[in-house]
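Let me begin by presenting the structure, written as structure tokens, before commenting on it.
Worth saying up front: this structure is predicted, and the values here are computed from it rather than measured. We number each residue from 1, following the sequence as shown.
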Amino acid sequence: MIDLAAIQAARARLQGQVHKTPFTHSRTLSDILGAEVWLKFENLQFTASFKERGALNRMLELTPDERAKGVIAVSAGNHAQGVAYHAQRMGVPAVIVMPRFTPTVKVANTRRFGAEVVLLGETFDDAQAHGYHLARERSLVMIHPYDDAAVIAGQGTLALEMLEDQPDLDAMVIAIGGGGLISGVATAARAIKPGIEIVGVQTERFPAMYAAMRGVAMTPGHYTIAEGIAVKSPGVITQEIVRRLVDRIELVSEADIEHAIVVLLEIEKTVVEGAGAAGLAALLHDQAAAANRFRGKRVALVLTGGNIDPLMLGELIERGMVRAGRLARIRVDLRDLPGALAHATKLIADAQANITEVHHQRAFTALPVRNVEVDFVLQTRGPEHIQEVINVLNAAGFAASNHDH
């Protein structure tokens with residue numbers, strides 16, 4: 001039974017063992033979106049994710065015999081680290097089963113917490129099947145990432161904290177993978193404030209809960225930047241709770257999530273992973289649509305996790321700069337003569353753009369021989385500045401155009 005009392009009991013158990021993370025109003029995002037936006041910084045938990053809450057709440061229910069034998073979890077990400085960290089704190093042996101393709105950094109982080117890591121299977125489903133086999137073979141307790149009453153109750157403690165800090169919330173926008181987080185949050189929030197709007201968010205590539213609520217089949221994709229919510233089949237318990245308590249589920253694209261990660265980095269100076277940006281992605285997507293159903297409302301977003309690969313983050317920043325017109329690639333056709341390139345670069349410098357890369361193209365071009373195609377990558381002030389640089393080059397007799405797409 002998952003009710004408000006179970007979530008309040010979880011809150012008491014978790015006291016002092018997981019952070020009560022900041023829940024703050026974002027003035028800039030509120031101005032941009034036309035809604036009062038509140039952010040719950042779960043990326044500031046010790047393992048950089050809310051998953052600790054549910055994992056610890058479940059493990060605190062273990063009997064002495066179960067503690068001695070140990071726990072097992074199947075996860076390639078945040079759940080693995082939450083289970084491993086708190087198992088180490090509690091002195092409970094932990095086995096984590098991960099698919100073979102799991103990034104090395106996640107394997108290393110999980111081992112750092114003292115867990116035994118078993119890499120097996122090409123997919124999460126393969127790893128899960130092996131996990132249940134190991135659990136039976138070694139009498140280990142399976143700590144499920146979402147389809148477990150104690151895990152759901154632990155995640156629901158988030159809603160208690162948010163409504164304590166801001167009782168006047170109109171809506172909560174929550175990412176959905178298997179549905180553990182939104183099930184806990186919706187159970188607590190509905191009990192405290194029945195009229196509150198609960199909106200779920202999934203990626204277009206992994207819309208399992210969205211499809212289940214509509215009773216339709218939707219084929220999942222192979223990859224999403226929001227791997228934390230890339231779940232092919234939602235939980236049995238969570239489906240029932242979502243059907244009963246969640247108002248609607250919105251789908252967001254990869255581009256929406258990429259944009260939201262960069263916005264949070266630039267405006268809030270906070271690093272989130274793809275799943276952690278899903279809530280903001282939904283608000284940005286909704287703002288671009290005609291409806292804008294969040295306008296004027298007090299909206300809570302949970303930044304669910306911050307475990308993003310630094311190299312991926314670097315790529316996202318660059319792509320974000322391209323979208324904002326702060327990084328541009330322009331193509332210029334030159335006569336292949338001494339001084340032509342120098343003349344073009346001087347014009348670009350005089351127009352106050354900074355050149356970061358230059359690429360010559362002689363063979364792979366449709367231009368006549370003795371002509372060269374040059375791509376310049378520029379740091380600029382915005383779209384108007386890009387056009388200004390192109391106009392300067394064209395006025396000097398160079399054929400220049402924008403090639404940043």
Side-chain angles (χ1 to χ4, degrees), residues 101 103-105 203-205 221-227 252-267 269-274 277 281 284-285 288 307-405:
F101 64 79
T104 312
V105 65
T203 73
E204 290 172 351
R205 293 188 178 179
H222 296 292
Y223 169 79
T224 173
I225 188 174
E227 79 287 341
V252 292
S253 68
E254 297 299 296
D256 293 330
I257 295 170
E258 284 187 25
H259 181 40
I261 291 171
V262 176
V263 166
L264 285 163
L265 187 65
E266 200 165 14
I267 291 173
K269 310 296 182 277
T270 194
V271 174
V272 297
E273 61 192 80
L284 291 165
H285 180 85
N307 290 312
I308 188 169
D309 181 85
L311 290 173
M312 182 189 283
L313 186 61
E315 285 179 39
L316 290 175
I317 292 167
E318 278 203 327
R319 287 161 67 118
M321 295 303 99
V322 171
R323 270 197 302 273
R326 306 254 296 279
L327 197 64
R329 182 177 58 162
I330 63 170
R331 182 161 291 170
V332 183
D333 299 343
L334 303 175
R335 291 295 309 281
D336 200 2
L337 297 170
L341 180 60
H343 186 197
T345 56
K346 185 175 188 315
L347 290 167
I348 292 168
D350 290 345
Q352 300 296 302
N354 187 39
I355 300 169
T356 61
E357 293 177 38
V358 180
H359 302 276
H360 287 73
Q361 191 55 263
R362 287 182 173 83
F364 299 96
T365 174
L367 292 176
V369 73
R370 304 300 295 167
N371 284 265
V372 62
E373 209 169 59
V374 182
D375 283 346
F376 293 98
V377 178
L378 310 176
Q379 291 172 343
T380 51
R381 293 189 298 271
E384 299 82 10
H385 190 201
I386 297 167
Q387 194 54 51
E388 187 186 313
V389 173
I390 290 168
N391 293 343
V392 165
L393 288 162
N394 285 335
F398 296 106
S401 57
N402 192 343
H403 275 257
D404 61 3
H405 299 300

Find the distance between CG (Leu327) and CG (Asn354) and round it off to the nearest 0.5 Å.
10.5 Å
Looking at every heavy atom in both Ala353 and Leu378, which two are closest together, and how far apart are they?
CB-CD1, 4.3 Å
Residues which pass side chain to side chain donor-acceptor pair (under 3.5 Å) with Ser253, listed by chain and number, not counting sequence neighbours:
Asp256
Ser401 backbone acceptor or donor facing Arg331 side chain under 3.5 Å:
no
Assess the residue pair Glu227 and Glu273 against the criterion (side-chain contact (heavy atoms from CB on, under 4.5 Å)); give the C-alpha distance rounded to whole Å, side-chain angles, the decisive distance to 0.1 Å, and a yes or no.
CA-CA 9 Å; Glu227 79 287 341; Glu273 61 192 80; 4.0 Å; yes
Show me the pairs that pass salt bridge (Lys or Arg N to Asp or Glu O under 4.0 Å) and involve residues 347-357, at least two apart or across chains.
Lys346-Asp350
What is the distance from atom NE2 of His259 to atom CG of Leu264, rounded to the nearest 0.5 Å?
10.0 Å
Atom CG in Asn402, atom CD1 in Ile386: separation rounded to 0.5 Å?
5.5 Å
Do the non-hydrogen side-chain atoms of His359 and Arg329 ever get within less than 4.5 Å of each other?
no
Return the set of residues passing salt bridge (Lys or Arg N to Asp or Glu O under 4.0 Å) with Glu266 (not counting sequence neighbours), or none when no residue passes.
Arg326
If every non-hydrogen atom of Ala281 is compared with every non-hydrogen atom of Ala260, which pair is closest and at what distance?
N-CB, 3.7 Å
Distance in Å, Leu265 CG paired with Leu313 CG, rounded so as to fall on 0.5 Å steps:
5.5 Å
At what distance, to the nearest 0.5 angstrom, does OG1 of Thr203 lie from OH of Tyr223?
11.0 Å
What verdict does the side-chain contact (heavy atoms from CB on, under 4.5 Å) test give for Glu204 and Val252, after you've listed the backbone C-alpha separation in whole Å, the side-chain angles of each residue and the deciding distance to 0.1 Å?
CA-CA 6 Å; Glu204 290 172 351; Val252 292; 6.0 Å; no
Find the distance between CD (Gln352) and OG1 (Thr380) and round it off to the nearest 0.5 Å.
12.5 Å
Of the non-hydrogen atoms in Leu393 and Ala344, which two are nearest, and what is the gap between them?
CD2-O, 3.9 Å
For Asn371 and Asp333: C-alpha separation, side-chain torsions, deciding distance, then whether side-chain contact (heavy atoms from CB on, under 4.5 Å) applies.
CA-CA 7 Å; Asn371 284 265; Asp333 299 343; 5.9 Å; no
With sequence neighbours left out, the residues meeting side chain to side chain donor-acceptor pair (under 3.5 Å) with Arg205 are none
Where at least one partner belongs to residues 334-357, residue pairs that pass ring-ring contact (aromatic ring centres under 6.0 Å, His included), sequence neighbours excluded:
His343-Phe398
All heavy atoms of Gly274 vs all of Ala226, minimum pair found to be C-CB, 3.6 Å
For Leu347 and Ala396, the nearest pair of non-hydrogen atoms, with its separation, is CD1-CB, 3.5 Å
On a heavy-atom basis, the closest approach of Val272 and Ile261 is O-CG2, 3.9 Å
Could you name each residue pair satisfying salt bridge (Lys or Arg N to Asp or Glu O under 4.0 Å) that touches residues 308-319, not counting sequence neighbours?
Glu258-Arg319
Check: Leu316 and Ile308 side chains under 4.5 Å, non-hydrogen atoms:
yes
